[in-house]
Amino acid sequence: MASSSAAAAPSCPIRVVAVHLLDAAGQLLRVLFLDPEGHITSQPWVMERQRALVLASNQRRFLGAQAEVRVL
């Protein structure tokens, strides 16, 4: 049993999407996170890798140079 659950774990890793808000000079102001719905929140959320990548891509386009969006 342990081997089948261990094999399933790598196929569905979880990720956190962090949003680093920056000032005009590029200095870090605050770190926020995205929830699975794509809303910005102060608490980190874990989600499937593919979902995290899609949300991060959308948020990068929306925020542009105002933030760095990272999938951790």
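Nothing here was measured: the structure is a model prediction, and the numbers come from that model.
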Original post:
Is the CZ atom of Arg30 crowded by more than 12 outside heavy atoms at less than 6.0 Å?
Top reply: no
Original post:
Can you tell me how far the CG atom of Leu32 sits from the NE2 atom of His39, to the nearest 0.5 Å?
Top reply: 14.0 Å
Original post:
Which pairs count as salt bridge (charged side-chain N to carboxylate O under 4.0 Å, His left out) when at least one residue sits in residues 13-22, sequence neighbours excluded?
Top reply: none
**OP:** Report yes if some heavy atom in the side chain of Glu48 is under 4.5 Å from a heavy atom in the side chain of Pro36; otherwise report no.
**Re:** no
**OP:** List the steps and the verdict of side chain to side chain contact (heavy atoms under 4.5 Å, CB included) for Ile40 and Leu34.
**Re:** CA-CA 5 Å; Ile40 294 177; Leu34 293 182; 3.7 Å; yes
Subject >> Results of side-chain contact (heavy atoms from CB on, under 4.5 Å) for Val31 - residues two or more places apart only >> reply: Ala18, His20, Leu28, Phe33
Original post:
If you look at every heavy atom in Leu55 and Gly38, which pair is closest and at what distance?
Top reply: CD2-CA, 3.7 Å
**OP:** Under the side-chain contact (heavy atoms from CB on, under 4.5 Å) rule, collect the residues that match up with Ala24, sequence neighbours excluded.
**Re:** none
**OP:** Scan residues 37-46 for pairs that pass salt bridge (charged side-chain N to carboxylate O under 4.0 Å, His left out), counting only residues two or more places apart or in two chains.
**Re:** none
**OP:** Could you list the residues that satisfy side-chain contact (heavy atoms from CB on, under 4.5 Å) with Gln27, not counting sequence neighbours?
**Re:** Asp23, Ala25
Subject >> Within one Ile-Leu-Val-Met-Phe-Trp-Tyr cluster: Val69 and Val16, side-chain cutoff 4.5 Å >> reply: no
Original post:
For Arg70, what residues pass the side-chain hydrogen bond (donor to acceptor under 3.5 Å, both in side chains) criterion, not counting sequence neighbours?
Top reply: Glu68
Original post:
Are Leu22 and Val17 in one and the same hydrophobic cluster, where Ile, Leu, Val, Met, Phe, Trp and Tyr link if side-chain heavy atoms are under 4.5 Å apart?
Top reply: no
Subject >> Interatomic distance, Leu53 atom CG to Asn58 atom CG [nearest 0.5 angstrom] >> reply: 11.0 Å
Original post:
What are the two closest non-hydrogen atoms of Ala67 and Val19, and how far apart are they?
Top reply: CB-CG1, 3.9 Å
